[in-house]
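The sequence lines fix the lettering, A, B, ..., with proteins before strands; numbering per chain opens at 1.
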Amino acid sequence: MHDLDVKWQKKWAEEAVFQPKAGAVESPSAATARHLQRQVTRDKFYLTAAFPYPNSPQHIGHGRTYTTTDIYARYMRMHGRNVLFPMGFHVTGTPILAMAKRIEEKDEEILSIFEKVYGIPRAVSATLTEPRELVAYFSREIEAGMKEMGYSIDWRRKFYSYDAQFNKFIEWHFAKLEKAGHITKGEHPVPWCPVGQTAVGAHDTQGDADPQIEEITGVLFPFEDGMLACATYRPETIYGVTNLWVNPDATYVKVKCAGKHYYISKEAVAPLSMQLEMKVEKEMPASALLASKAKHPFTGAELPIFPATFVDPKHGTGVVMSVPAHAPFDYLALRDAKLEGKIKLIQVLTLEGFGNFPAKEIVEKMGIKSQNDPRAEAATEEIYKKEAHTGRMAVGEFTGMLGAEAKEKIRAKMIAEGSALALYEISNGPILSRYGGLVGVKIVRDQWFIDYGDEAWKEKARKCLAEMSILPEKTRHDYEYTISWLKQKACTRSAGLGTHFPLDKSKMIEALSDSTIYMAFYTVSHIAMKMKPEQLTEELFDYVFLGKGEGKGLPAEAKEMRREFEYWYPLDSRHSATDLVYNHLTFFIFNHVAVFPQKHWPRQTVTNGFVLMDGKKMSKSMGNIIPIRAAVKQFGADAIRFVVVSGADLSADTDFNRPAVEGVISRMRFMQSAMEKYASTADKGKHDIAYKWLLSRMHKRAIAAPKMYESFQLREISLELFYNTFNDVQWYLKRAEKPQLREFFEMWVPLIAPIVPHYAEEMWQALGKKHYVKEAALVAVAEMPKGDAKKVDETLEAAEDYILRVREDISSIMKLIKKEKAEKVELFVAAGWKRKLREIVDKERKFDIAMKAAMADAEIKPHASEVAKVLTSYMKNVGALAGTPSSEFEMEALLSGKKLLEEELGCPVSAVLEDESDVPKAKFALPGKPSIMIS
RNA sequence: GCGGAGAUGGCAGAGUCCGGUCAAAUGCGCAGGGCUUAGGACCCUGUGCCCUAGUGGCUGCGGGGGUUCAAAUCCUCCUCUCCGCACCA
């Protein structure tokens, strides 16, 4: 398999079939020139798939998107379009840096994954400590894998997103955004590692946990000369605060922050200082706080401070406000301290199914013993959940409002009047970063944004979307939703590979912001990459991409670049996995409409689901990843291409498993040997019924194929052009007296070529001179056969189905009567009156009315005794009545299948009309279902 | 919480829009047989339950209820699963 792949990949490369020229013909070898000539007189077709991120090799999961794209590219090429399918590498951002660092630190986990999963020897991975070395190595691997998969990519246009020329392009891109007013600056909370001094994403954390930022409220209670800060998720319960809690064993501090004094736990200082600048002035034991009292920020009422062990000094501020009516822990702590009678509970929310103090009730109902009882957690969860959904405010200015709504209002109000701080926290913490620090939340000043919240911009994006084709169509809603909620998107980071942010060179443009219009760069990259970066000025790109000016004073290459861009743009189809709809693909639309004129807006996106391995999600930790190159070596490119796209609908996840791959390979072999046996010469003589039937099916499929390819019904195609076709050929070989398959194969091979190109190429060559389809040196550039509607014969196909059904019925009866071998088989075809009765029932589906109508019919009346019985059997399946076959049809079909049946049964088979026979069994015949007599 | 998608046989997965030809395509798995020294591959047959000398009957498509001569398919309520909610490629 692999040799065959290499053979044709080499041939395609030699003939440069995947290196299209904008609007004119290059000079590939004479063999293909003719076909390329044909192509360029037709329309161009430009498509791209998301470029890979080379921080590790690719596995078969990655192969789905690229294979889908390639099938489409190959189909379009065979459909006569001049196709451009380029590829590059995305290296922007921090994961590559993180990976290189981990290798440098000899991270056992990563080295062992490389060794065990991808088969990279430790000696080799040890050399990948430099980001550029790493990129060079993995991009080489990925490119080799893509070539081995037979992707029809124009590699001349390859670039890396940190190349100086591409940097220039991104600078131009951002200059356009800035001029359009889409760049803003502000503050932003990010997950931050205090040790690494950097923002962290999932790939920077231990265990690949994705840190989630959550807003919390730091309520400030006047206390001595400052304020006690309490972090809470439920600021709306401020009305029900009866006291405060501190941990009796913790140390507390007095800090100065923006001119004010706050009291918090000592352990809260480090995480909170990422958000607020603070200076510790004094340290004190908890007892110092317990001796004093705080004041309620609204009412000024005195609030005692009590000790409670459930207070975690590491969490929030290390001080907790007590709302015993609604928080089980607060109630329990109060009860534990025997203070229940002394402190009066205050109701804040009304909750259906509960009285005034839900926390007290649930604690009593569940019989929870103390604040250290593990069930206290469950009780809290239940009450919080119920109150969050259905609780209504019972006190304060928002009385009657849902608690969830009141929360936002109260929080905003308190922050505005200075009685609370806006704080953030990592909701799924504690998370440790790879640098060893506990991840906290930092407020980044000088954060630059792309303002996707701009309504006018959104409108333009919607307009573009409305005119685009979205496949699968049901994804359109996801785009609309994403456009509606997108706000400011942070577009710079303090570290990473890529392009420096033009307005602040100390920052880097992050990865989702520098990959939105790079498809435009491909159209000129093969020229730009040979130029000096400083030649790629804003003026040049304005001319090339926006057609500004006449190109005077610009480098000589400018005109050619402009021509390439104008020829290839707009992008006809953009491909990726579905997860990118919510960010990349939507940004892609936004940025195109911001930078380019409407005629260059994208026309289509195609998104696909993932690949599962034996029904399970692929993951490095589970070790169920098959690297793409290893898979190709083992199974050959075509089988993998076939399996990753044919297993499921485009949007659904598909499964990759060995039996599926092997099934494909064995079927391909079968077809190949059938072709060798029966298609070596042109079909001879008059086609018999069986061959006419097979060709009818083939032509029908050829007619249906373009639509299926164009709407990415790849599962449907594989089913029709492969499994069902395969079954047809098997049936045909059984049916045909002298099988011949020449016309069949001349059509079949090009039809499947986009999916299994190497195999098809080999078959195409083996066929030699074509008799029934247009000749082409390579099937990759051959014309897709068009089915001939005149060769589609529904009657013939129906007859064949009929024979199959009769055959099945005979064998089921044989089994029923436990007969190994029959002496003879007699078939009786139903009488005319039964057909007439069927028509009556088809029109009138109520039993009694149909019965009356039947009895009024002179032809049917004589059979009155049988009518009720026949009618009953019709009624059972009223839907099956349409298209009653004629008795002539049935007789003819039986005659055509007679020989096959006799051979299979090893006895004479006869067919007569029901009314021409006096065998009693004959009466059981129904239209389409002859009565069978075996003796 | 908000938004989206989905639930079909041992498994994967069609069918659902436009109700009837649906015990339900196709593939895998499993069982029996053939081939083979054996295994693999390959080929045939079977694979919800029940009855049966006659091509049959019954149950069934997440759960409940409804519409209809007829429901996997239409309506309604419910349960459960998956995905996304950004600064991360």
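Whole-Å rounding puts the A:Asp801 CG to B:rA25 C1' distance at 13 Å. Residue A:Ile665 contributes atom CD1, which lies 12 Å from atom C1' of B:rA41 at whole-angstrom precision. The nearest whole Å value for the distance from the CZ atom in A:Arg667 to the P atom in B:rC42 is 8 Å. Atom CD1 of A:Ile470 is separated from atom C1' of B:rG4 by 16 Å (rounded to the nearest Å). Spacing between atom CE of A:Met671 and atom P of B:rC42 amounts to 15 Å, rounded to whole angstrom units. Residue A:Phe670 contributes atom CZ, which lies 14 Å from atom C1' of B:rC44 at whole-angstrom precision. Regarding A:Glu720, its CD atom lies at a distance of 14 Å from the C1' atom of B:rG27, rounded to whole Å. Atom CZ in A:Phe656 sits about 15 Å away from atom P in B:rC28, given to the nearest Å.
The distance between the ring centers of A:Phe587 and A:Tyr452 falls below 6.0 angstrom.
In this entry B:rG3 has B:rC83 as its Watson-Crick or G-U wobble partner, both defining distances falling under 3.5 Å. In this structure, B:rA23 forms no base pair with any nucleotide, since neither Watson-Crick nor G-U wobble geometry is met with both distances under 3.5 Å. Summarising the base pairing, B:rU47 is matched to B:rG29 through a Watson-Crick or G-U wobble pair whose two defining distances lie under 3.5 Å. When both distances must be under 3.5 Å, the Watson-Crick or G-U wobble mate of B:rC74 is B:rG66. Nucleotide B:rU59 forms a pair with no other nucleotide shown, judged by Watson-Crick or G-U wobble geometry with both contacts under 3.5 Å.
The same atom, P, is picked in B:rC78 and in B:rC69; the two are 28 Å apart, to the nearest Å. Here, B:rG15 and B:rC22 have their P atoms 15 Å apart, quoted to the whole Å. Nucleotides B:rU47 and B:rA24, compared at atom C1', are 14 Å apart to the nearest Å. Taking atom P in both B:rU21 and B:rU73, the straight-line distance is 13 Å, to the nearest Å. The separation of B:rG27 from B:rU79, taken at their C1' atoms, amounts to 31 Å, rounded to a whole angstrom. Nucleotides B:rA12 and B:rC18, compared at atom C1', are 28 Å apart to the nearest Å. When the C1' atom is compared between B:rG29 and B:rA86, the two are found 43 Å apart, to the nearest whole Å. Atom P of B:rA14 sits at a distance of 8 Å from the matching atom of B:rA7, rounded to the whole Å.
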Under 4.0 Å protein heavy-atom contacts per nucleotide of nucleotides 84-89 of chain B, with B for base, S for backbone only and - for none: B-BBBB
Sequence-aligned protein contact record of nucleotides 10-15 of chain B, with B where the base is within under 4.0 Å of a protein heavy atom and S where only the sugar-phosphate is: ---SS-
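A:Glu480 comes within 4.0 angstrom of no nucleic acid atom, judged by non-hydrogen atoms across all strands.
A:Tyr160 and A:Ser139 share a side-chain donor-acceptor pair at under 3.5 Å. Using modelled atom types, one finds no donor on one side chain facing an acceptor on the other under 3.5 Å when comparing A:Gln275 with A:Tyr424. For the 3.5 Å distance criterion, the side chains of A:Thr605 and A:Tyr479 qualify, holding a donor opposite an acceptor.
For A:Phe166, the ring pair (Phe, Tyr, Trp, His ring centres under 6.0 Å) partners at least two apart in sequence or on another chain are A:Phe159, A:Phe169, A:Phe521. Among residues two or more places apart in sequence or in another chain, the side chain to side chain donor-acceptor pair (under 3.5 Å) test is passed with A:Asp728 by A:Arg697, A:Arg701. Taking A:Ala511 as the reference, A:His90, A:Thr92 meet the side-chain contact (heavy atoms from CB on, under 4.5 Å) condition, with sequence neighbours excluded.
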Using a 3.5 Å cut-off and no angle test, enumerate the donor-acceptor pairs between side-chain atoms of residues 443-451 of chain A and protein atoms at least two apart in sequence or in another chain.
unit_1: A:Arg445; atom_1: NH1; unit_2: A:Glu187; atom_2: OE1; d: 3.4
unit_1: A:Arg445; atom_1: NH1; unit_2: A:Glu187; atom_2: OE2; d: 2.8
unit_1: A:Gln447; atom_1: NE2; unit_2: A:Thr492; atom_2: O; d: 3.2
unit_1: A:Gln447; atom_1: NE2; unit_2: A:Thr492; atom_2: OG1; d: 3.1
unit_1: A:Asp451; atom_1: OD1; unit_2: A:Gly453; atom_2: N; d: 3.0

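Judged by distance alone, with hydrogens and angles left aside, the side-chain atoms of A:Lys407 form a donor-acceptor pair with the main-chain N or O of A:Tyr233 at under 3.5 Å. A:Arg667 places a side-chain N or O within 3.5 Å of a backbone atom of A:Gly663 that can act as its donor or acceptor partner.
Where A:Arg807 and A:Asp478 meet RNA chain B, the nucleotide closest to each residue was compared, and A:Asp478 sits on the side nearer the 5' end.
Contact annotation: A:Arg658 does not reach the phosphate of B:rG40 (side-chain N/O to OP1 or OP2, under 4.0 Å). Within the structure, every side-chain polar atom (N or O) of A:Ser666 is placed at least 4.0 Å from both OP1 and OP2 of B:rA41. Side-chain nitrogen and oxygen atoms of A:Asn657 include none within less than 4.0 Å of the OP1 or OP2 phosphate oxygen of B:rG29.
Ring geometry, A:Tyr481 versus A:Trp485: the interplanar angle exceeds 60°, so the pair is classed perpendicular (tilted spans 30 to 60°).
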